[in-house]
Structure formats: C-alpha cells, structure tokens
J.: 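Just dropping this structure here.
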Amino acid sequence: MTRPATLTVNGEARPLTPGLTLHALLRELNVNPSRVAVGVNDDVYPGARAPHRTLEAGDVIEIVRIIGGG
Amino acid sequence: MAPDAFTLGGRTFTSRLMTGTGKFTDFGVMREALAASGSQIVTVAIRRVELRAPGHDGLLDALDWDALQLLPNTAGCRTAEEALRVARLARVATGVNWIKLEVIPDARYLLPDPVGTLRAAEGLAADGFTVLPYVQADAVLARALEEAGCAAVMPLASPIGSGRGLRSPELLRTVLDGARVPIVVDAGLGVPSDATQALELGADAVLVNTAIAEARDPVGMAHAFALGVQAGRAAFLAGRMPERAHASPSSPTGGVVRLPDPEVPV
C-alpha cells in the first residue's frame with residue numbers, strides 16, 4: 001500500500017503537490033509571511049525567510065503568530 | 001542614590017510590574033493600560049494562524065518593542081516537547097530569545113507540571129534561551145531551575161486568571177529564602193494589595209494580566225497596580241516590624257493620669 005502524499009498543516013491533513021516548497025505553500029495559503037514563524041518537523045524558520053525547501057509526504061508544518069496573552 | 005533596579009537576563013529594569021496582553025477589549029485600551037502600568041516587560045502568546053481567514057492581529061505592530069522587553073510564553077503547551085517547539089517558533093517569530101515557560105497538562109486549575117517544566121527548562125537554557133519558568137511555589141524545584149540556568153523563577157500566587165491573590169505566602173517565603181535569581185510572582189493576583197503583599201515578602205516583581213484587562217477601568221487598574229508594587233517594594237526595603245503574639249502599647253506606660261479609686265460599694 002502506498003502512503004498517501006499528504007502534509008499536516010496546523011493540525012490538518014492537506015494533499016501534497018509534488019515539488020511544493022515551503023515558500024510556495026505560504027503563498028498558496030495566502031499567509032502574509034511577515035510576523036509569522038513556520039515549523040517544518042524539527043526545523044523552524046521566520047516566515048519572511050521561508051526557504052525554498054521541498055516538502056515531503058508526512059511533513060508536519062506549523063504556521064504561528066503572536067497574539068495577546070499572559 | 002542609585003535607582004532601585006533588578007537585573008534579568010542581562011538587562012536592567014526599574015519597573016517591577018510585568019503585564020500580559022491577553023483579554024484586552026482592543027489595542028487602544030491595551031496600549032494605554034501598558035503605559036499606565038509603567039511595565040518594561042510584556043508577555044504575548046503564540047498561536048496557529050487561522051488558515052481559512054489568514055492574517056494576523058498586528059499585536060507586534062501595536063507596541064514599541066524598542067522600549068519594551070517582549071516575553072513570549074508557551075501557554076497552551078501540555079508537555080516539555082510542545083513547549084520546546086513553541087519556544088523555538090517564538091524565537092524565530094520575534095527575534096527574541098526570552099521565553100516564559102509554561103508546561104500545563106491540567107485544564108481545570110491550570111497547574112504547572114514541575115517535572116516537565118524542569119526538563120524543558122534544561123533544554124531551553126542549553127539552547128541559549130533566557131528562561132522564565134512558571135511553577136508552583138516550591139523551593140526545591142526553584143533551586144533546581146536555578147541550577148538548570150533559568151534567569152528567574154515565577155511561582156504562582158493562585159490559579160491563572162482566578163484573582164484569588166497570594167494563597168500560600170509561607171511557601172513563597174521558602175522560595176524567596178536564598179534565591180539567587182529574581183523571583184517573579186505570576187498568576188492569580190486580583191487587586192494591587194495582592195501585588196503589594198508579594199513585594200513586601202521580598203518578591204522581585206509580579207506579572208499581572210487578567211486583573212488589569214478585566215477591571216472595569218483597565219487603565220486605572222494598571223496605574224493602581226504600579227502604585228501597589230511600588231508600595232510593597234518600598235516596605236520591603238524599609239523592613240517590617242516584628243510580629244508579636246500580644247499587644248504592645250505605642251504610648252509610654254509611665255505617668256498615666258489616674259482618677260481616684262472608685263468607691264467600692266458595700
């Protein structure tokens with residue numbers, strides 16, 4: 001059985017287009033890259049400097065921002 | 001006279017009131033309240049971007065971070081692993097390596113996990129973070145966190161957002177006794193006198209959010225907390241009188257005017 005080509009983005013499964021990069025994913029999601037941070041598995045990147053890293057099936061991606069809190 | 005300052009993570013602060021940015025109705029009120037508080041250290045949280053309605057709330061743009069020390073927290077993290085991940089995301093999101101470490105598996109009382117907190121603190125300190133762990137008032141744990149390289153220890157007064165004030169001053173005293181890093185009382189303070197009490201006991205600072213944000217007048221309450229903290233610190237420096245079991249007259253006991261002895265009825 002082949003593994004389904006999906007990513008997990010902020011807790012939700014998402015189909016993976018072959019060759020998709022992190023940079024392209026942010027653009028696809030229409031996320032303003034400034035003021036966000038992105039995690040790909042154990043690596044973290046400032047959103048504004050999201051690399052052209054090719055994403056792979058099973059990657060776990062977190063896109064976060066700062067909000068009010070104590 | 002040198003200003004009464006304290007040093008945290010290599011920076012010097014004169015305000016002993018730290019303020020959170022949660023629960024404010026709008027940025028305008030929050031900005032005014034923060035100004036009235038005089039706080040120099042301000043906490044924020046990290047959350048997932050809502051992908052169906054992308055954007056961000058602009059908190060980072062709403063405040064002058066050249067003048068304020070930004071302190072992201074790991075609120076919402078239930079394990080050491082989650083806290084490590086959120087701390088690293090916070091660092092790249094803000095460019096700040098300070099982190100208020102929260103590892104809280106329990107949703108009802110929001111009580112911190114001491115084992116997970118210590119484990120995460122060790123990892124974060126080794127990774128170059130300025131770590132401020134949120135814990136229960138436990139002296140043994142506080143010493144272990146100091147050993148792990150934490151910049152401060154933040155014992156709770158009472159459960160987060162409860163406004164119940166300092167419920168275990170005796171335990172706080174044991175944390176303060178011999179502490180080698182600043183002790184910041186965090187969570188549960190409801191009114192300025194709660195903050196005063198913490199500072200009177202010798203806490204270096206307090207962190208307040210809900211008590212200010214949920215006050216009828218948040219700006220007025222922020223100002224009141226600033227005064228409460230100043231009063232408590234001044235009292236600590238002045239040194240309190242000893243407590244006594246019985247009364248001790250304030251006026252001289254000699255030379256008291258006496259009326260003639262009342263007649264004893266036959």
Side-chain angles (χ1 to χ4, degrees), chain A, chain B residues 18-27 30 42-63 65 70-76 81-82 84-96 100 102 134 160-161 186-187 207-213:
Chain A
M1 200 176 90
T2 51
R3 221 163 116 209
T6 59
L7 301 167
T8 304
V9 182
N10 282 4
E12 289 184 21
R14 186 181 168 83
L16 170 65
T17 326
L20 182 73
T21 66
L22 181 58
H23 190 85
L25 173 69
L26 288 184
R27 215 173 35 219
E28 209 172 89
L29 292 170
N30 204 20
V31 169
N32 181 344
S34 66
R35 306 298 198 201
V36 302
V38 189
V40 182
N41 307 327
D42 290 334
D43 302 320
V44 292
Y45 307 99
R49 297 207 303 276
H52 291 278
R53 166 182 176 161
T54 305
L55 299 173
E56 290 171 20
D59 279 350
V60 176
I61 293 150
E62 294 286 348
I63 305 167
V64 302
R65 65 188 167 110
I66 304 298
I67 65 157
Chain B
M18 307 181 183
T19 306
T21 54
K23 299 181 177 173
F24 283 97
T25 49
D26 63 77
F27 282 163
M30 181 193 74
V42 173
T43 60
V44 298
I46 309 291
R47 286 292 177 273
R48 285 172 169 167
V49 168
E50 188 52 67
L51 295 175
R52 287 182 189 81
H56 55 86
D57 69 6
L59 175 59
L60 279 183
D61 302 312
L63 293 168
W65 298 110
L70 178 61
L71 176 56
N73 68 30
T74 65
E81 291 66 33
E82 285 180 356
L84 287 166
R85 190 151 204 243
V86 167
R88 295 173 67 217
L89 285 164
R91 179 160 64 180
V92 298
T94 62
V96 166
K100 178 185 156 188
E102 296 185 31
Y134 167 70
I160 294 173
D186 177 14
L207 199 163
V208 180
N209 188 345
T210 306
I212 292 174

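Every chain is numbered from 1 and lettered A, B, ... according to where its sequence line falls, protein lines coming before strand lines.
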J.: Using a cut-off of under 4.5 Å on heavy-atom pairs, state which of A/P46, A/G47, A/A48 scores highest against chain B.
T.: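 Most pairs with chain B among the choices: A/P46.
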J.: Which atom names give the shortest non-hydrogen contact between A/G68 and B/A45, and what distance separates them?
T.: O-CB, 3.9 Å
J.: One pair to check against side-chain contact (heavy atoms from CB on, under 4.5 Å): A/V44 and B/R91. What are the steps and the verdict?
T.: CA-CA 9 Å; A/V44 292; B/R91 179 160 64 180; over 6 Å; no
J.: With a 4.5 angstrom heavy-atom cut-off, which part of B/K23 approaches chain A: side chain, backbone, both or neither?
T.: neither
J.: Quick one: does any side-chain atom of B/R85 pair with a main-chain N or O of A/N41 as donor and acceptor, under 3.5 Å?
T.: yes
J.: How far apart are the closest heavy atoms of B/V92 and A/A37, and which atoms are they?
T.: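 Between these two residues, the closest heavy atoms are CG2-CB, 3.5 Å.
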J.: Roughly how far, to the nearest 0.5 Å, is the OG1 atom of B/T21 from the CD1 atom of A/I66?
T.: 9.0 Å
J.: Which bit of B/T94 comes within less than 4.5 Å of chain A, counting heavy atoms only: side chain, backbone, both or neither?
T.: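 Side chain of B/T94 only, per the 4.5 Å heavy-atom cut-off to chain A.
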J.: Taking all heavy atoms of B/R48 and all of A/R65, pick out the closest pair and write down the distance.
T.: O-NE, 4.2 Å
J.: When rounded to the nearest 0.5 angstrom, what is the spacing between CZ in B/R52 and CG in A/L29?
T.: 11.0 Å
J.: Measure distances from A/V9 to the heavy atoms of chain B and classify the residue's part below 4.5 Å as side chain, backbone, both or neither.
T.: both
J.: Report the distance from atom CZ of A/R14 to atom CG of B/L51, rounding to the nearest 0.5 Å.
T.: 8.0 Å
J.: Quick check: closest heavy atoms across A/G39 and B/L89, and the distance to 0.1 Å?
T.: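 Taking every non-hydrogen atom into account, N-CD2, 3.5 Å.
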J.: To the nearest 0.5 Å, how far apart are CG in B/L60 and OG in A/S34?
T.: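 Taking CG in B/L60 and OG in A/S34, the distance rounds to 9.5 Å.
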J.: Got a second to check how far B/E81's CD is from A/D42's CG, nearest 0.5 Å?
T.: 11.0 Å
